[in-house]
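Naming: A, B, ... by sequence-line order, numbering from 1 per chain. Remember, predicted model here, so these are calculated numbers, not experimental data.
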Protein chains: 2
Amino acid sequence: MTTSKRGRPRSFDREAALVRATLLFWQHGYEGTSVSDLTAAMGISPPSLYAAFGDKRALFTEVVERYGTTFGAFMDDALAQERDPRAGFARMLEEAAVAYTDPGHPAGCLVISAATNCSPQTADVEQDLRARRTANLRSFEARLEDARARGALSEEADTRALAVYFGAVVQGMSQQARDGASTQELRRVARLAMSAWPEPPA
Amino acid sequence: MTTSKRGRPRSFDREAALVRATLLFWQHGYEGTSVSDLTAAMGISPPSLYAAFGDKRALFTEVVERYGTTFGAFMDDALAQERDPRAGFARMLEEAAVAYTDPGHPAGCLVISAATNCSPQTADVEQDLRARRTANLRSFEARLEDARARGALSEEADTRALAVYFGAVVQGMSQQARDGASTQELRRVARLAMSAWPEPPA
DNA sequence: TGAGTTCTGTAGCGATCACTACGTTAATAC
DNA sequence: GTATTAACGTAGTGATCGCTACAGAACTCA
């Protein structure tokens, strides 16, 4: 394989520019971030942005997908890597407390907060992130149902309600982080939240 | 007192127009709602809007204040009217489950979701709603500290952590409602969330 | 070298943003 | 009646929105 191409080579680091765009969308959301803001932060001109990423919408989609495999990967990892489902959810919440308050990037979760209030024209962006959140919720529910099938969760446990509950806790922790909550406060929230975990089966 | 004034009388119902504006801001947020959207929904022309409410920012402020005394009043009411603090928080969450999914208006809470992602130019709006949320959190904490002082909560209870926890749960329920959660699902979340309430003092 | 290709910066496109100048209309005050 | 006051609709302000036409620059290929 070869990386050489015809024509004038790109004069900026596409990956670095993508990270800059991620941080901007993370902080101000999709509509709160203008193309002018993006080009200024990425250090490129509008034609370069459009040539490299398509348009604002495509750039945002790429940002969200990259976010899911990097900053946001801890959620799936925690649930998948812990054998004990309770430990998996507990670890997910603990890591959320740390990740959402990391001073190295904007607070909270991009998927949760980057498109919560959109104009009628960009309702599709709001819907895209909503679909990601509901997919996460289904992932929670599947993990809980799997735990129940394996006998790690009582038969009476309401997996749907627990899934919505953990989804709400994660989203709430994200917004608390954006509102200024500290890592320590969110850690305590994470521990309190685990009180809802049902008693083990007899 | 007299309600008569000089000059041409207003030809629209100011209160009704304010409600229309509330519903729009509630659904699409501050920046997601344009003055053009507002005038169309309120059935008035831009000069009438500016004469009656000042500007978009002032209208939003009035909407938020009115929201706090109507749709959003159930929170303070629940905490203030229940003698038992645990019952107060439980009632607040139960009523949130119903209010956030009321089909008569947009889902969730306006204070929580109307300005979560703002452009740098309107950061002050985001900050105003943030101040309201942190005030609510302090109200939670004060209620919990009062309960502990009265002996209704154990001395070891972490009132700050509990306040942040309940704030996160409420915010999470609001976003779950916007993401399509049903009243019943949120009711179950409310009940699960109360599991974190500490054991009564010995 | 020259042709072909692709990125670059400048400069500006039409559309929409929040907002308002202006002349008209409809009420009260005298 | 006339004067005064205030809301009305029309029509349009400058600024910013997302996006692009265009020409020059920098590369690979023959």
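- If you take CZ of B/R57 and C1' of C/dA18, they are 14 Å apart, rounded to a whole angstrom.
- Atom-to-atom, CG of B/L38 to P of C/dC17 comes out at 11 Å; the value is rounded to the nearest Å.
- Mapping A/I44 and B/K56 onto DNA chain C by nearest heavy atom places A/I44 at the nucleotide closer to the 5' end.
- Sequence order on DNA chain D of the closest nucleotides to A/D55 and B/A51 puts B/A51 first from the 5' end.
- The backbone N or O of A/I112 sits nowhere less than 3.5 Å from a side-chain atom of A/T116 that would complete a donor-acceptor pair.
- Side-chain atoms of B/Y50 lie closest to C/dA18 of the nucleotides D/dT20, C/dA18, D/dG9.
- Side-chain atoms of B/R133 come within 3.5 Å of backbone N or O of B/V111 as a donor-acceptor pair.
- Look at CZ on B/F12: it is 20 Å from P on C/dT25, rounded to the nearest Å.
- What separates OH of A/Y30 from P of D/dC17 is a distance of 13 Å, to the nearest Å.
- Residue A/F53 contributes atom CZ, which lies 12 Å from atom P of C/dC7 at whole-angstrom precision.
- A straight line from CZ of A/F25 to C1' of D/dG18 spans 12 Å, rounded to a whole angstrom.
- Looking at heavy-atom distances under 4.0 Å, A/S45 makes contact with a base.
- Applying the 4.0 Å criterion to OP1 and OP2 of C/dT8, one finds that A/S48 has a side-chain N or O inside that range.
- Atom pair A/L49:CG and C/dT8:P shows a separation of 11 Å (rounding to whole Å applied).
- Within the 4.0 Å cut-off from OP1 or OP2 of C/dT8, at least one side-chain nitrogen or oxygen of A/S11 is found.
- Panel note: side chain A/E95, backbone A/A78; no donor-acceptor pair is recorded below 3.5 Å.
- Using a 4.0 Å heavy-atom distance criterion, B/P9 is classed as a sugar-phosphate-only contact.
- Side-chain proximity of B/R8 to D/dT20, D/dC8, D/dA26: nearest is D/dC8.
- The heavy-atom pair separating A/L162 from A/A196 by the smallest distance is CD2-O, 4.0 Å.
- Comparing C/dC19, D/dA21, C/dA21 against the side chain of A/P47 picks out D/dA21 as the nearest.
- Residue A/T33 is in sugar-phosphate contact alone, with no base atom involved, counting any heavy-atom pair closer than 4.0 Å across all strands shown.
- Atoms CD (A/E31) and P (C/dA18) sit 11 Å apart, rounded to a whole Å.
- Evaluation of atom-type donor-acceptor distances gives no pair under 3.5 Å for the side chain of A/R6 against the base of C/dT6.
- In this structure, A/K56 forms a cation-pi arrangement with A/Y30, its terminal cationic atom sitting closer than 6.0 Å to the ring centre and no more than 45° off the ring axis.
- At the phosphate of D/dT16, neither OP1 nor OP2 sits under 4.0 Å from any side-chain N or O atom of A/S36.
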